[in-house]
Amino acid sequence: MKLGNSSKLGLLLLMAPLLIWLFALILLPHVDMFFLSIREKVAPRVYQTSMANYMEFFNEPLYWNTFARTAVMSILTTAITLLIAFPISYYIAKMLKGRMKAFLFVLCLLPFWVSELVRTFGWMILLRETGIVSSTLQWMGVVDGPIEFLYTDATILVGLVYSSMLFMVVPLVSTLESLDDSYIEAGYDLGGNGFTVLREVVIPHAMPGIVSGCIVVFMLSLGNYLTPVLLGGKDSLWFTEQIYAQFITRFNWEQGAAFGFLLLILSSLIVWAGLKLSRQTLSETMG
Amino acid sequence: MANGADVSEFDLECSNLTKRFGGFTAVNNISFNIPNGSFFSILGPSGCGKTTLLRMLAGFLEPDEGDIRIKNRSMLGVPPNKRPVNMVFQHLALFPMMTVAENIAYGLKRQGVPKAEIAVKVQSALDRINLPDAGPKRVDQLSGGQKQRIAIARCLVLDPDVLLLDEPLGALDLKLREHMKVELKQLQSQFGTTFVYITHDQSEALVMSDQVAVMNNGVFEQVGDPQDLYYNPKTAFVAGFVGDTNRWKGVVKATSGSEVQVATDDGLTLTATGIGQGCKTGDAVDIFVRPESVALSRSADALSGMENRLAGQVKNVLFNGANSRILVQDPTNGGEIMVTLPQTGEFNDLRAGQDLHLGWKLSQAKCFAQEAGKASGAEVA
Amino acid sequence: MANGADVSEFDLECSNLTKRFGGFTAVNNISFNIPNGSFFSILGPSGCGKTTLLRMLAGFLEPDEGDIRIKNRSMLGVPPNKRPVNMVFQHLALFPMMTVAENIAYGLKRQGVPKAEIAVKVQSALDRINLPDAGPKRVDQLSGGQKQRIAIARCLVLDPDVLLLDEPLGALDLKLREHMKVELKQLQSQFGTTFVYITHDQSEALVMSDQVAVMNNGVFEQVGDPQDLYYNPKTAFVAGFVGDTNRWKGVVKATSGSEVQVATDDGLTLTATGIGQGCKTGDAVDIFVRPESVALSRSADALSGMENRLAGQVKNVLFNGANSRILVQDPTNGGEIMVTLPQTGEFNDLRAGQDLHLGWKLSQAKCFAQEAGKASGAEVA
Amino acid sequence: ETLRLLTWGGYAPENVIELFQKETGIEVEVTKSNNEDMISKLRATGGSGFDLAQPSQDRIAGAQFEHEIYKPIDLSKINADLFIASMMDGTKKNTTVDGKVYGVPHIWGTSGLIVNRKEAGSIADYTDLCSEAVAGKVSYRLKRPTLIGFAFSMGMDPFAAYDDTAKYSEIMGKVEEKLIDCKSNVKSYWSGGDALMNLIRSGEVTAAMAWDTGGWKLNQENADVTFVAPKSGALGWIDTFALPAKTKNEEAAYKWINFVMQPKIAAMITASAGNFTASKGADEFAEPALKKQFQDSFPPEAIDNIKWYPPVPAGLEDIEGKVLDRVKAAQSN
Amino acid sequence: MISSIPQSRTFRGIYAAYVSLFFIYLVVPLVVVAVFAFNDSLFPSLPWKGFTLDWFFNDTEPRLGVFHDRGILKGVGVSLFVAFWVTVLSLFVGTCNAFLFERNSFPFKNVLYVMALLPLVIPGIILGISILVFSNSLVNGVEDLLGWELEFLRPGLVLVILGQFSFITTISTLVISARLRKFDLSLEEAALNLGASKMTAVWTITIPYLKPALVGAGIVAFLMSFENFNTTLMLVASDSPLTITMFDRLREGSTPALNAISLLLMIVSAILAFISILVQREKGVK
Ligand SMILES: Nc1ncnc2c1ncn2[C@@H]1O[C@H](COP(=O)(O)OP(=O)(O)OP(=O)(O)O)[C@@H](O)[C@H]1O
Ligand SMILES: Nc1ncnc2c1ncn2[C@@H]1O[C@H](COP(=O)(O)OP(=O)(O)OP(=O)(O)O)[C@@H](O)[C@H]1O
Ligand SMILES: NCCCCN
Ligand SMILES: [Mg+2]
Ligand SMILES: [Mg+2]
């Protein structure tokens with residue numbers, strides 16, 4: 001029902017902030033970035049419209065290798081995060097009650113309340129060659145010399161999974177909590193066991209949470225900068241790093257804009273494919 | 001009773017079941033046996049331990065003491081998915097991510113029944129519950145009553161020894177509930193499965209059951225068939241909880257055989273039949289009189305045969321067709337008595353404010369030792 | 001009727017009210033007047049337009065046609081916050097972020113009543129609904145029935161000309177609902193405010209109301225006092241909807257005065273009293289007989305005085321104390337008839353499978369022109 | 001009143017800022033940065049957001065030509081007497097675009113090698129960083145000085161090829177190959193001076209291409225570690241003062257320049273940054289220890305061998321950028 | 001699976017062990033950061049050189065404690081400023097959006113809704129650069145055309161605030177909408193019915209009802225702003241928020257002062273988290 005007849009003007013006033021936000025801060029900037037990206041620098045201070053910046057991406061294996069690497073690592077991060085987080089979320093949502101549940105849930109949120117920089121910093125202290133893990137292992141006599149744990153892909157994954165955990169746990173816990181215990185009991189009561197109930201009742205129910213968690217984690221990993229840069233060391237080239245590099249150390253905004261666009265398009269494609277595969281929609285999972 | 005015998009006339013036998021939560025005893029040393037193929041209800045107020053008891057039967061709670069035997073096999077330590085019982089949950093717990101047919105097929109699949117056979121069984125189950133075309137529907141496309149029937153079919157297709165039902169009508173609206181009462185009873189006799197049905201609604205229990213156990217504070221106060229409970233309650237709690245009734249509190253002044261003279265707290269002197277212990281002179285008692293047991297008359301004379309007589313003023317006529325009642329205000333103390341109007345229509349012209357005489361027989365007033373404190377029940381006034 | 005007069009005996013007058021949603025007419029040209037201080041119920045099945053009508057009275061919907069006059073002042077164009085009516089919402093809509101006292105004070109504050117006076121009024125309202133100490137409580141600390149009373153007090157403290165209630169008992173459980181029916185009626189007479197009460201539960205309407213309007217498909221089928229509706233329904237819909245009843249469909253074979261001979265679709269020949277138009281030879285009709293109007297006997301002879309007689313087999317005994325019924329299966333066609341057992345207890349020993357004779361008088365079988373298609377109502381069988 | 005200074009770590013120590021504020025009442029807000037970062041920040045802001053920047057002298061002309069992020073320096077407001085004349089002239093020459101001067105010198109120093117002599121005594125040139133002896137214990141920056149240094153060390157002269165893009169690309173190609181080859185030797189590519197020092201302190205790195213000053217600082221803590229001028233020649237740089245195009249507080253900028261170029265103040269900055277300044281007479285106040293370290297690292301022939309950066313023509317950095325990216329992205333084996 | 005389903009002791013044991021390991025994984029990096037804030041060493045790493053509070057309170061280089069470190073204090077100030085405005089703006093716009101989407105229908109509603117969700121799936125860096133590029137075009141365009149210098153749209157705090165606002169608003173919109181969706185419209189009708197005007201009804205009933213969501217969204221917005229790096233990096237000029245300052249320090253080579261400020265951040269965050277939980281759990285407004 002409509003309370004009174006909210007006039008057109010009222011609606012427009014209510015809509016104004018939304019429109020300003022979406023147009024001035026999201027839509028137009030992206031349009032402008034697109035125009036920038038199709039501007040080729042032919043000589044200092046001379047530009048022409050062309051797809052050269054995009055061609056550059058495809059012609060230079062370095063760039064698309066980096067992109068593919070970033071995408072694969074992000075998908076890997078997403079998968080690992082899901083695998084680790086699901087049992088945890090299930091434990092919190094279904095096996096615990098009352099205070100303990102609230103406490104562990106808040107504990108899951110803990111890393112999020114601290115900035116990513118600090119989290120990554122913690123991992124650096126732990127994993128560097130003279131760091132805690134290496135020293136502990138030496139002290140325990142497991143290894144005889146110091147070991148460098150930093151600067152490998154595995155380290156990047158550890159860091160990314162760590163930072164992503166919250167964004168998986170929260171949607172999972174909330175969908176799992178919304179699964180009434182009686183569905184699980186009914187599954188057992190009708191003869192199911194842990195595995196079949198999980199597969200046929202729990203996971204289908206949790207699907208929206210799984211998908212929304214995966215989307216967010218994937219996008220956050222793809223768009224991450226700090227973790228790969230700080231933990232990745234010499235071999236890591238993250239695609240965002242390429243974009244930053246184009247903007248910051250090469251002053252080549254045109255190229256950077258093109259990369260930005262490619263990242264956007266390709267990530268949208270992957271998310272879209274994920275949604276299609278899981279038969280979910282963006283507004284259902286995120287909204 | 002039949003413990004140890006090889007074949008039992010009872011589908012379900014429970015002995016000395018006890019369940020405690022912390023210091024609180026939710027189910028207290030309950031024993032009962034349910035004959036094969038009967039409709040057994042457990043009736044009691046909220047929090048009395050009904051669900052706790054049922055969940056022990058289903059295997060979702062382990063009893064602290066006692067044994068549960070189904071078809072003469074102990075269920076202790078048997079996990080829920082291995083027990084020959086199925087349960088209809090209060091909110092049904094139909095799997096929303098599956099179609100109706102998939103819901104019904106779920107348990108069969110778990111048993112490894114071949115696909116073709118599953119399809120046949122599912123269809124025949126759907127036919128038996130009169131929803132032959134519902135198979136491909138999604139659960140949320142069904143009405144409340146249809147869901148109800150699917151939930152039952154989902155269990156019955158597995159041919160359980162005992163079907164447990166936890167207030168399955170609680171979520172339905174009034175009219176539908178009335179209708180489903182009759183239908184449930186018919187489904188049960190059609191399938192011949194033993195039903196254990198829990199409810200806090202006495203009319204459900206009375207209408208459907210072969211046997212009813214009235215439960216209170218973790219124990220069974222009385223087990224019997226519906227008529228028995230209604231006409232021969234053994235405790236004050238049962239008298240108050242099963243069926244509508246008027247209740248007075250009072251103290252026994254004199255006794256003679258089973259006849260008890262009671263001075264009520266609001267100043268009347270009533271004569272009632274004492275039942276059980278605790279109706280000796282000086283005891284605090286409750287007296288119960290059903291609204292339909294009270295005779296009405298415009299003149300005092302017509303009621304001279306009744307041991308209890310009162311005069312009062314009609315305070316409110318609660319017209320409800322065949323089920324109409326009046327609220328009569330007792331002149332001495334302002335207390336109210338609910339009286340059912342006779343079906344004869346003799347008093348249909350009664351109006352609020354008119355004077356009236358009431359009376360009831362000794363045998364229709366039942367006197368019990370007073371319940372401990374808080375307990376109430378279902379008295380109307 | 002009283003339109004135009006300066007002082008009206010009616011608190012609320014509606015004339016030719018119509019409301020359409022798109023092409024669908026939810027309320028169709030309804031006119032009625034409600035006398036000052038009366039309890040007026042609107043009874044109808046789900047979706048018949050009750051809420052739509054009430055929301056027009058409250059000002060949340062503008063009628064497409066017609067006028068609403070309260071105390072002789074037209075309400076057209078008056079926004080809801082300026083109308084001298086208040087509404088008790090179906091789910092009560094007590095403000096959860098406020099205490100009970102703040103809830104009751106809300107409307108007074110909006111009227112700019114001084115603080116001290118508000119406190120006094122709130123306390124007196126709490127006293128009158130028998131919850132003198134509830135003021136500082138949070139809403140979620142109250143029981144369902146207490147919330148109910150607070151919601152009413154919140155409106156009555158504003159001293160509205162008319163109080164609108166949209167199925168306020170719908171959310172309560174069975175026992176509490178029974179209790180609140182009586183209580184609501186008492187509150188109304190105590191405050192003397194005009195109540196417009198909507199419900200789909202006929203027993204609520206019958207028990208509480210001075211006048212009941214039976215609504216169906218956007219129109220009032222019949223307006224009258226409860227007895228009137230129950231004993232003298234004017235349409236098949238009212239006969240079916242108000243009170244439980246048995247229904248047969250059939251075709252008129254012969255008429256003689258108001259007496260109608262009907263061949264039912266399941267092959268019986270019944271005699272009934274024709275009511276209204278549409279009971280001429282050849283017409284399709286419905287016949288209604290209330291379960292309590294059917295006489296039972298073990299022998300056919302005892303029923304010889306009855307115009308309608310049947311023999312059947314007891315299919316199911318629905319024991320429910322004073323309210324017990326049996327389902328008798330008609331031998332000729334398998335159709336079922338619901339019969340109330342007499343309060344005398346004469347047939348208390350009936351069991352399923354026994355044979356029985358049934359009979360009822362011509363005057364107790366009512367014959368109406370058949371309702372258009374779908375409509376059903378509340379028949380039991 | 002504040003002066004927003006975009007500069008390198010160590011160039012604006014707290015004590016100098018305090019003295020400046022005491023004298024002028026102007027607060028100094030320091031943003032620490034590096035050459036690329038300075039250019040990109042100023043490019044992004046169109047030359048606003050800062051009042052004074054300190055890019056190296058070779059990086060001014062190209063950036064100015066392409067992005068117009070600086071405004072010419074009003075030499076009349078600079079007290080030329082405070083500067084070592086030869087440096088002033090050299091810087092002016094290299095930072096002139098369209099006849100206008102965009103930079104005056106502040107601090108100079110070199111890039112070369114920091115070596116732990118005990119563990120990596122064999123390292124004498126950039127290419128030695130790729131030798132087996134220091135495998136896994138090497139660090140350098142992935143920035144253009146590394147490319148230049150390696151080119152020299154490989155016997156080529158990149159500066160000579162500055163105006164010949166094709167030739168320059170070829171040189172860079174070879175360097176790229178070398179660096180990719182060398183990758184498995186590298187512990188990590190450092191990005192900040194202190195970060196590198198921590199790596200060396202902890203012993204995780206024993207040889208690095210780095211600024212001289214870091215080596216000298218470490219030398220004070222651990223005599224084994226020191227700065228070594230490579231055989232092919234240290235790379236000499238001069239960091240300047242340049243005015244962002246939209247500086248809001250030009251007056252304060254000039255005041256700051258003239259203030260920090262006073263010999264005593266300049267010596268304080270030398271103490272903090274570890275490098276010598278273009279301030280005439282500041283030597284006198286510099287710590288003897290530092291002078292000693294300088295002389296140790298730079299025997300006369302090494303001084304003569306310093307390769308001073310000529311201005312980078314616009315466009316070269318695109319070539320270098322890609323080389324650096326490819327090196328970064330290559331998998332070490 | 002759930003407490004009512006019997007499980008073997010081993011299974012439960014393994015499960016509990018797994019959960020414990022997970023929480024160790026979660027907590028260890030933070031504990032390490034916190035502990036090394038007290039290490040009496042110039043850089044935050046082993047070996048442990050003894051306990052000190054210098055990294056909090058000492059006032060001289062090189063062992064400058066956070067409470068005397070102007071750069072860090074300045075960064076905290078800037079971050080607070082930015083976070084404050086981001087919170088205010090995103091709560092305001094989020095509330096408008098919630099009312100718009102939950103209470104109104106209008107053409108292209110779905111399109112706009114999906115658009116409003118998009119910032120969640122646009123990488124922060126891209127938001128940063130697109131806003132940078134656009135504001136740059138805008139400023140230069142206006143300057144060329146009109147000769148006005150729109151200084152505030154140059155990189156700097158205004159852009160930082162706008163950049164963070166651009167995606168945090170999505171989150172506040174979602175949080176507030178979710179609560180508004182649960183709001184029973186009849187509460188507002190009841191208020192009207194009791195004599196309140198539309199505005200009064202919203203103000204006295206709906207907004208108080210939204211309070212937990214507003215507080216929750218506010219805290220989330222504040223923290224997200226406070227820790228944002230990717231978007232901010234592209235849009236800062238001379239006033240760096242704390243994360244940027246810390247990143248520069250980390251790259252430059254850090255002292256345990258960084259641990260000290262991190263520890264302080266953790267404590268403040270934990271307090272905020274605690275408050276938000278308290279508010280969300282506040283009884284009677286469920
Ligand atoms: N897991 C539990 N822990 C502690 N107490 C419990 C638990 N489950 C039930 N109880 C308590 O045991 C008592 C009986 O609960 P139960 O659910 O069996 O009641 P019920 O008869 O089913 O009531 P209702 O009609 O309201 O469903 C209640 O007082 C309840 O609070
Ligand atoms: N805003 C609306 N737009 C379109 N149709 C409506 C709207 N409101 C009600 N209707 C329709 O009008 C009819 C009457 O609705 P109304 O809510 O008045 O029924 P009701 O008698 O109150 O039913 P119930 O007992 O279920 O509350 C229904 O068919 C309903 O679908
Ligand atoms: N240009 C090099 C600067 C070195 C700072 N210590
Ligand atoms: Mg229960
Ligand atoms: Mg309605």
Side-chain angles (χ1 to χ4, degrees), chain A residues 82 86 89-91 93-101 171-214 274-281 283-285 287, chain B residues 21 51 54-61 78-99 102-113 118 122 125 138-139 147 150-160 162-168 170-171:
Chain A
L82 177 61
F86 193 89
S89 311
Y90 190 89
Y91 198 82
K94 290 271 147 237
M95 318 256 292
L96 294 177
K97 297 246 146 52
R99 239 171 240 210
M100 193 60 187
K101 173 183 200 143
L172 282 182
V173 166
S174 66
T175 46
L176 287 173
E177 257 184 343
S178 73
L179 174 68
D180 197 294
D181 276 2
S182 65
Y183 289 110
I184 297 171
E185 286 173 356
Y188 273 89
D189 185 66
L190 296 167
N193 56 35
F195 175 71
T196 54
V197 170
L198 187 69
R199 195 188 58 199
E200 302 201 13
V201 178
V202 179
I203 290 182
H205 176 89
M207 215 51 198
I210 293 176
V211 172
S212 91
C214 285
L275 286 172
K276 279 283 157 279
L277 278 179
S278 59
R279 302 212 189 92
Q280 308 280 326
T281 68
S283 21
E284 267 167 30
T285 47
Chain B
F21 295 116
T51 297
L54 207 69
R55 291 170 66 81
M56 286 194 282
L57 302 183
F60 297 124
L61 285 173
V78 179
N81 50 346
K82 300 271 155 55
R83 296 196 183 190
V85 300
N86 288 111
M87 178 150 168
V88 177
F89 289 81
Q90 174 152 20
H91 297 285
L92 307 184
L94 290 175
F95 301 128
M97 58 296 266
M98 304 180 192
T99 64
E102 284 166 349
N103 263 283
I104 299 180
Y106 182 90
L108 295 169
K109 260 197 222 155
R110 298 287 84 77
Q111 296 182 345
V113 177
I118 290 184
V122 167
R138 270 184 299 112
V139 168
K147 281 186 196 158
I150 302 295
I152 292 167
R154 182 173 74 171
C155 293
L156 290 182
V157 77
L158 298 177
D159 204 10
V162 177
L163 185 70
L164 309 172
L165 302 100
D166 188 352
E167 313 206 22

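Note on naming: letters A, B, ... go to the chains in the order of the sequence lines (proteins, then strands), and numbering restarts at 1 for each one.
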- With A:Leu190, the side-chain contact (heavy atoms from CB on, under 4.5 Å) member among B:Asn86, B:Leu108, B:Ile104, B:Asn103: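 Passing option: B:Asn86.
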- Query: For the residue pair B:Tyr106 and A:Gly192, what are the closest heavy atoms and their distance?
  - Reply: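 Scanning both residues, the minimum pair turns out to be OH-CA, 4.2 Å.
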Do [X] and [Y] come close enough that some side-chain heavy atom pair is under 4.5 Å?
| X | Y | value |
| --- | --- | --- |
| A:Glu200 | B:Met98 | yes |
| A:Asp180 | B:His91 | no |
| A:His205 | B:Met97 | yes |
| A:Thr196 | B:Arg110 | yes |
| B:Phe95 | A:Pro204 | no |

Side chain, backbone, both or neither: which part of [X] has an atom under 4.5 Å from a heavy atom of chain A?
| X | result |
| --- | --- |
| B:Arg55 | side chain |
| B:Phe60 | side chain |
| B:Leu164 | neither |

- Query: Would you find a donor on one side and an acceptor on the other, under 3.5 Å apart, between the side chain of B:Asn81 and the backbone of A:Asp189?
  - Reply: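 Such a contact is absent between B:Asn81 side chain and A:Asp189 backbone.
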